[in-house]
4 protein chains.
Amino acid sequence: MATKTPAEAPASKAAPDAKRRSERSRRAIYEAALALVTEVGYGKVTIEGIAARAGVGKQTIYRWWSSKAEVLLEAFIDLGEQAAEAAGGGEAFASLPDTGDVAADLKGVLRATVDELLDRKYDAPYRALAAEGVVNRELSEKFVQQLLEPGLKLYVARIEAAQAAGQIREDLDPRIAMEFFVSPLAQRWLQGTGPLTHEYTDKIVDYALHGLAPR
Amino acid sequence: MATKTPAEAPASKAAPDAKRRSERSRRAIYEAALALVTEVGYGKVTIEGIAARAGVGKQTIYRWWSSKAEVLLEAFIDLGEQAAEAAGGGEAFASLPDTGDVAADLKGVLRATVDELLDRKYDAPYRALAAEGVVNRELSEKFVQQLLEPGLKLYVARIEAAQAAGQIREDLDPRIAMEFFVSPLAQRWLQGTGPLTHEYTDKIVDYALHGLAPR
Amino acid sequence: MATKTPAEAPASKAAPDAKRRSERSRRAIYEAALALVTEVGYGKVTIEGIAARAGVGKQTIYRWWSSKAEVLLEAFIDLGEQAAEAAGGGEAFASLPDTGDVAADLKGVLRATVDELLDRKYDAPYRALAAEGVVNRELSEKFVQQLLEPGLKLYVARIEAAQAAGQIREDLDPRIAMEFFVSPLAQRWLQGTGPLTHEYTDKIVDYALHGLAPR
Amino acid sequence: MATKTPAEAPASKAAPDAKRRSERSRRAIYEAALALVTEVGYGKVTIEGIAARAGVGKQTIYRWWSSKAEVLLEAFIDLGEQAAEAAGGGEAFASLPDTGDVAADLKGVLRATVDELLDRKYDAPYRALAAEGVVNRELSEKFVQQLLEPGLKLYVARIEAAQAAGQIREDLDPRIAMEFFVSPLAQRWLQGTGPLTHEYTDKIVDYALHGLAPR
DNA sequence: CCGTAAGCGAGACGGTACGTCAGGTCTTGGC
DNA sequence: GCCAAGACCTGACGTACCGTCTCGCTTACGG
């Protein structure tokens, strides 16, 4: 049984000592990265720029991250945690609301999502990460795992609850059902194939639940 | 009196004379761009690299395009035209098939789309353009207008036909209905949130048409 | 017979085209290098600094030279040529003066040399090159060959003339004899083992010619 | 009144306590410095490299020395002392030999000097210090004072003895006379203007003593 | 003989410069 | 006048060291 102790790691070039890490620098880097992405656009963000803005040596960035995409990913995750902590006391979005009415619940969540996607503070970095992920498998995995998946799981759970309540057919794969609510929104946001409005997401929910074909 | 032709561009530095343009160079640049994107990945493609590979001066690229994204966009459109010409005699995909059975027709088209998205030849450049579009509004517009929209219009047309045939409810916005077939696929492809299979797209069609709620 | 044509050169990374070289940049680089060495000292001269001061890209330096020492060497040689051209019409120092009196001639030349070595304009770069040469064989060879040797040859020639005139013993190696006039000066200048004055060089000449031992 | 002990250093940042200094580290640093200079060349020696090689923290070097040149200077002096201690019981080279024959005595010493200068163990560090001294006045002074001067004084003393013995003219400045034996050797060694051989130094002595001019 | 303050190995930090790569502009010579 | 070629200025890359600054630890001094 080749179980490894967690304290191992042969690493290619000696891992830095996380205990000595400067919290102050980390925060400054996050802030600089987020600010720059919104100000100049992801393509024009440079490691050098982040370092300068954060008042930090370049090496301090290279020591802890391996690309600007990774910096931004962590910065954005941190931004989410900050927001969550500020908003709710504990786990902010542990689950989607469940009033017993799936349609209403989903409409509410999607409206909130639209608002968030249109918020300058989130749009630029989130979009940058999505773009990078499209073309960079490694980042994509982290992006999906750490940012997307937690949100998607909430939908899946809510749909399962609806199935139990008889509001959604039991024979459907909730993982796929969930995409009817999320993907149209995602595509409009990412590719700009149409406007993001509350009316739009309301319709999405209605169409999806009742189907396109006449009854 | 400096008579101008109506199509005159007030360009800052005199537009090059398209009549004298070297067809040979243009083709070589397209091929180089597509090959490089597949071989080294979009992020590592450089104008210099394209020029070298195409046996062309850098200036010849800068004269006719304004960024590597634009080169790639045109190269990809050209690739599509080549393929279309090769495949069908004339207009290859003037419309989606209409056998009278929307479900079957859509399933067929989506299966073909999945196959195409998984084809190495198309995946890399298409993905690169999509990624760039997420973060670059100008390119995004051209991308949607010239590559995405024509395809989407076919769906809209097919759905309208189905509405006329009574297979899809008349009160639905076909533009939104269309997204139920296209967006889930797009998201899985772009973000890697799930596998792309024929079974998957079949389900998408069924779920969408009959709705998630029990009848 | 494996004689190679001069136009050959397989070079490690393609030699740049000297015909297209910017004369303006070359001159600016020479001036910047010389100025910086005098102002901040050889150790603090950087390629980046030279480039900035010369208003030139770093790559333009790296394209034509392989180290700051080589830049400085060429700059200093050029400085000498400038001075020579300015001073005499043609070849300024084709030979040492020959009035028939070796002692007087040598004293005159050495006094002039002292003055030159104490001139701020020459001291810093010359010293830097000498220092680098002490520790860098490749540069040392170029330094000796291109800067030192031409001067030393003049001494050898003058000594040979003196031998022919019976003022210096015929059985002596002029190459070694020459060093008695040059080396003490060189050491005082390089290592600071004593002051450089006209009295000092006069004595050197007298001591050397008449010997240390009593007659 | 802030009474100061006489040995008090008004240092800017409190002098370290020499009593607590680690002898083991000091030695390791000397060895590392000397080894590195010979192995990779002075220019490529770094404080970090010395520290790593010596198994010592960087701060331990910065605490006791102010530059790599100073480390090397002390290391080299120490090397000399080690050698002296090993060779002779007490003061190894308290004076030059005096057999009554200046010529022979000087030839012997110079031959020994040549051998030492060609010894790999001494060449690299000594050369490095000389080079640094050419361009760094502060180090130059220490270098001359602590390494060169003691040797030169021996020559001066031997020449004065020869003057007393009537073998060298009394009216000559022994300080200058000495340079005829030392400087040519120094220049050939530092600048590579000629080979270092026993024949060469023998001739130096003969030429210097009897003069270049015919008698 | 024991507590404490120093020296120590280690290495993270804010920086500067390295040598390289590519971007976009401009010039030269060939066709 | 387009083109291949490529020198040029610019600016970012990722790395190596600089000299300073903690961190625990070990060690020897002085109360």
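Below, chain A is the first sequence line, B the second, and so on; all start at residue 1. As a basis for the values below, the full set of heavy atoms in this structure was taken, side chains included, without hydrogen atoms, waters or symmetry mates.
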Does a nitrogen or oxygen in the side chain of D:Trp65 sit under 4.0 Å from OP1 or OP2 of F:dG19? no
Name the nucleic acid region contacted by C:Lys19, choosing base, sugar-phosphate or nothing; use a 4.0 angstrom heavy-atom cut-off, strictly under. nothing
Nearest-nucleotide pick for C:Trp64, side chain only, options being E:dG7, F:dA7, E:dA12: F:dA7
What integer distance in Å separates B:Arg63:CZ from E:dC26:P? 13 Å
Could you tell me the separation between the CD1 atom of A:Ile61 and the P atom of E:dG15, rounded to a whole number of Å? 12 Å
Mapping B:Tyr62 and A:Arg21 onto DNA chain E by nearest heavy atom, which one lands closer to the 5' end? A:Arg21
Using only side-chain N and O atoms of B:Ser25, determine if any of them is under 4.0 Å from OP1 or OP2 of F:dC2. no
Pair B:Glu39 + B:Arg53: basic N to acidic O under 4.0 Å: yes
Please work out whether the ring planes of A:Phe76 and A:Tyr126 are parallel, tilted or perpendicular, with thresholds of 30° and 60°. parallel
Using only heavy-atom distances, decide whether a donor-acceptor pair under 3.5 angstrom links the side-chain of A:Lys58 to the base of E:dG14. no
Does B:Thr60 or C:Gly57 map to a spot on DNA chain F nearer the 5' end, using the closest nucleotide for each? B:Thr60
Take the protein atom CD1 of D:Ile29 and the nucleotide atom C1' of E:dG9, then report the distance between them rounded to whole Å. 11 Å
In whole angstrom, give the distance that lies between atom CG of C:Asp17 and atom P of F:dA5. 13 Å
Looking for any heavy atom pair under 4.0 Å, which part of the strands does A:Gly55 touch: base, sugar-phosphate only, or nothing? sugar-phosphate
More 5' along DNA chain F: A:Thr46 or D:Thr46, using each one's nearest nucleotide? A:Thr46
Atom pair distance, as rounded to whole Å: CZ in A:Arg24 and P in E:dG14: 9 Å
So, D:Lys142 and D:Glu70, do they make that salt bridge, N to O below 4.0 Å? yes
d(CD, A:Glu48; P, E:dG15) in whole Å: 13 Å
What is the separation between atom CD on C:Gln59 and atom C1' on F:dC8, rounded to the nearest whole Å? 10 Å
Could you check how far CZ of D:Arg20 sits from C1' of F:dG30, rounded to whole Å? 10 Å
With a 4.5 Å heavy-atom cut-off, do A:Leu72 and A:Tyr42 have their side chains touching? yes
Test: C:Arg26 and C:Glu74 ion pair at under 4.0 Å: no
Assert: residue with more 5' nearest nucleotide on DNA chain E, out of B:Lys68 and A:Glu23, is A:Glu23
